[in-house]
Amino acid sequence: MIPSKLPVRSDPIDDESFMGYVLRMFEANHMGGIQWLSRVFDRQKIHHLSLQHIPDIAYIFDAHIVNAPELCIFSCQESGHTIFSAYGHVIKRSFLLRFRHPQVCTMCLDENHFIRKSWDFSMMTNCPFHGLQLIDRCGSCLKPLSWDRPGVCQCECGYDIRRSQQLEINEETAVFAAWLQERICPDCEWLLDAGNYRQVLSLLDNLSTDGALRVIWATGIKKCPEDQVDVGTGAKALSTRRAARCIERSLSRLEEILTRQNIGNIRPLFSETNLRSLLDETECTADQALISQLLLQGKQRENPKSSLLHLNPLSQMRLF
């Protein structure tokens with residue numbers, strides 16, 4: 001089906017999620033949600049849109065698309081494996097992205113009426129602009145939010161999701177949200193005040209985005225050494241609250257390693273299998289260096305007095 005241009009037309013807003021842009025524009029045109037596109041793309045139902053859909057979307061809304069690959073999230077093949085490009089960032093695990101069930105900040109929606117790119121990352125759990133935890137469920141029907149809803153601020157049950165209650169956040173999730181927002185949208189650098197976690201976040205600065213998110217996930221996912229976790233592609237995206245707890249544990253553990261020098265006690269709390277899979281896959285030398293240190297691999301086993309000092313120019317303390 002050849003799409004028709006809709007009367008209300010606009011370009012995407014800077015920092016706007018691609019799915020959020022489509023939803024916002026269909027709401028502006030009183031289309032009742034995005035499912036009208038199922039006829040355009042000959043699909044039974046639309047769950048998520050990708051790179052191949054951008055030309056038709058641009059035509060419908062008369063949008064000027066300059067760099068399409070950095071506008072959306074799409075999958076591609078690399079050495080027989082599926083990887084993802086998320087707004088220009090290579091992500092190698094689907095559980096680091098939220099495809100069908102978005103999360104939002106109710107205050108951002110109230111003030112700006114658009115959905116941010118960074119909310120599409122499962123480890124983005126807080127709004128760095130308002131200091132509140134994002135929500136991923138409707139405050140009325142309690143179902144996970146979906147892209148299949150009438151508008152940006154409305155759940156499919158009809159409830160205004162801006163009325164949903166958001167929780168206050170703690171320092172760990174606040175500083176990581178600001179760090180990730182800056183990584184996804186560099187214009188937001190002014191948000192980051194790392195506080196007590198300046199040294200920890202400096203360890204992440206030179207990592208790939210995929211590497212940084214997977215290190216946080218692998219070092220925070222386990223509550224105790226006995227916990228069993230899904231490995232690799234078998235894992236699912238965490239709910240916003242579970243991801244927030246994961247980030248809290250990860251930053252606290254990494255900070256304790258840097259300041260109290262007790263990696264031997266902390267390392268059993270890491271998901272070693274996930275760290276090793278990242279080490280095998282990454283081509284980023286900074287990823288490899290940090291993960292090798294966390295695993296005490298190779299020369300580190302022979303020299304237990306090695307530290308993360310050379311990886312972190314801000315740290316003046318040895319680990320062992």
Side-chain angles (χ1 to χ4, degrees), residues 1-74 86-87 98-121 124 127 129-130 134-141 143-164 166 181 184-185 187-188:
M1 173 181 175
I2 300 175
S4 302
K5 288 190 176 183
L6 294 178
V8 180
R9 304 166 189 172
S10 173
D11 291 343
I13 300 169
D14 289 342
D15 191 25
E16 185 171 27
S17 158
F18 179 58
M19 287 296 295
Y21 164 66
V22 175
L23 179 59
R24 178 174 63 84
M25 294 306 299
F26 273 104
E27 179 184 18
N29 283 279
H30 306 286
M31 300 296 290
I34 66 174
Q35 291 310 320
W36 178 81
L37 286 172
S38 60
R39 292 179 293 165
V40 175
F41 298 128
D42 193 25
R43 291 167 59 178
Q44 185 174 359
K45 192 171 184 178
I46 298 293
H47 295 290
H48 200 271
L49 298 172
S50 189
L51 184 65
Q52 69 266 29
H53 302 117
I54 286 183
D56 284 332
I57 296 297
Y59 177 80
I60 291 170
F61 300 128
D62 199 23
H64 299 89
I65 305 299
V66 178
N67 192 347
E70 295 192 4
L71 184 67
C72 64
I73 298 174
F74 63 94
Y87 306 112
R98 302 181 68 98
F99 292 98
R100 295 192 178 190
H101 299 295
Q103 53 187 355
V104 300
C105 169
T106 60
M107 291 188 68
C108 281
L109 294 187
D110 194 44
E111 294 173 3
N112 304 308
H113 201 78
F114 77 90
I115 295 170
R116 298 186 186 278
K117 293 177 181 178
S118 58
W119 300 347
D120 287 346
F121 291 78
M124 171 60 85
C127 174
F129 301 94
H130 296 107
L134 303 179
I135 62 167
D136 57 359
R137 289 181 177 271
C138 173
S140 178
C141 69
K143 293 181 180 179
L145 297 180
S146 166
W147 291 116
D148 186 15
R149 60 184 199 259
V152 171
C153 301
Q154 193 174 7
C155 175
E156 56 187 319
C157 74
Y159 184 73
D160 187 336
I161 57 180
R162 292 173 295 185
R163 298 169 58 190
S164 301
Q166 287 185 262
Q181 179 70 30
I184 305 304
C185 302
D187 291 342
C188 295

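Here the structure is a predicted model, which is why all the values come from computation and not from measurement. Residue indices begin at 1 and follow the sequence shown.
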Shortest non-hydrogen pair, I46 vs F41, comes out as CD1-CD1, 4.1 Å
Tell me which pairs pass salt bridge (charged side-chain N to carboxylate O under 4.0 Å, His left out) where either residue lies in residues 16-25, with sequence neighbours left out. E16-R24
Within 6.0 Å of CZ in R43, more than 12 heavy atoms from elsewhere: yes
Residues that F18 engages under ring pair (Phe, Tyr, Trp, His ring centres under 6.0 Å), provided they are two or more places apart: none
Taking every heavy atom of S164 against every heavy atom of G139, the minimum-distance pair comes out as OG-N, 3.0 Å
For side-chain contact (heavy atoms from CB on, under 4.5 Å), just list the numbers for L6 and D62, CA-CA rounded to whole Å, side-chain angles, deciding distance to a tenth of an Å, and then say yes or no. CA-CA 9 Å; L6 294 178; D62 199 23; over 6 Å; no
Contacts of N67 meeting side chain to side chain contact (heavy atoms under 4.5 Å, CB included) (sequence neighbours excluded), chain-then-number -> P69, E70
Give me the atom names and distance for the closest heavy-atom approach of S50 to F74. OG-CB, 2.8 Å
Close side-chain approach of I115 and P102, heavy atoms under 4.5 Å: no
What are the two closest heavy atoms between R98 and W119, and how far apart are they? CD-O, 3.8 Å
Validation row: P12, F61 side chains within 4.5 angstrom (heavy atoms): no
Output for pair (I73 CD1, M19 CE), nearest 0.5 Å, gives 9.5 Å
To the nearest 0.5 Å, what is the distance between CG on L71 and CG on L51? 9.0 Å
Looking at side-chain heavy atoms only, is the closest gap between M124 and L134 below 4.5 Å? yes
So how far is it from Y21 OH to F26 CZ, rounded to the nearest 0.5 Å? 10.0 Å
Checking H101 now: which residues fulfil ring pair (Phe, Tyr, Trp, His ring centres under 6.0 Å) with it, not counting sequence neighbours? none
What verdict does the side-chain contact (heavy atoms from CB on, under 4.5 Å) test give for Q103 and L145, after you've listed the backbone C-alpha separation in whole Å, the side-chain angles of each residue and the deciding distance to 0.1 Å? CA-CA 7 Å; Q103 53 187 355; L145 297 180; 5.8 Å; no
Can you name the side chain to side chain donor-acceptor pair (under 3.5 Å) partners of H48, sequence neighbours left out? none
Less than 4.5 Å apart, any side-chain heavy atom of Q181 and any of F129? yes
W147 side chain to F99 backbone, donor-acceptor under 3.5 Å: yes
Pair listing, salt bridge (charged side-chain N to carboxylate O under 4.0 Å, His left out) test, anchored in residues 107-120, at least two apart: D15-R116, D110-R162
Testing K45, R100, H47 one by one against D148 for a side-chain hydrogen bond (donor to acceptor under 3.5 Å, both in side chains), which residue passes? K45
Under the rule for side chain to side chain contact (heavy atoms under 4.5 Å, CB included), what residues qualify as partners of R163, not counting sequence neighbours? Y159, D160
Tell me, which pairs form a side-chain hydrogen bond (donor to acceptor under 3.5 Å, both in side chains) where one or both residues lie in residues 25-34, sequence neighbours left out? E27-H113
Pairing residues for E156 by the side chain to side chain contact (heavy atoms under 4.5 Å, CB included) criterion, not counting sequence neighbours: S146, R149
Could you go through I57 and L37, starting from their C-alpha distance and side-chain angles, then the distance that decides it, and tell me whether this counts as side-chain contact (heavy atoms from CB on, under 4.5 Å)? CA-CA 9 Å; I57 296 297; L37 286 172; 3.8 Å; yes
One pair to check against side-chain contact (heavy atoms from CB on, under 4.5 Å): C108 and C127. What are the steps and the verdict? CA-CA 8 Å; C108 281; C127 174; 3.6 Å; yes
Any side-chain heavy-atom pair of D11 and I65 under 4.5 Å: no
So, using ring pair (Phe, Tyr, Trp, His ring centres under 6.0 Å) as the criterion, who are the partners of F121 when residues are at least two apart? none
Distance in Å, R137 CZ paired with I161 CD1, rounded so as to fall on 0.5 Å steps: 14.0 Å
Work out which heavy atom in C72 is nearest to a heavy atom in I54; give both atom names and the distance. SG-CD1, 3.7 Å
pair D136-P144: side-chain heavy atoms closer than 4.5 Å: no
By side chain to side chain donor-acceptor pair (under 3.5 Å) - contacts of R9 (at least two apart): none
Sequence-distant partners of Q166, side chain to side chain donor-acceptor pair (under 3.5 Å), two or more places apart: T106
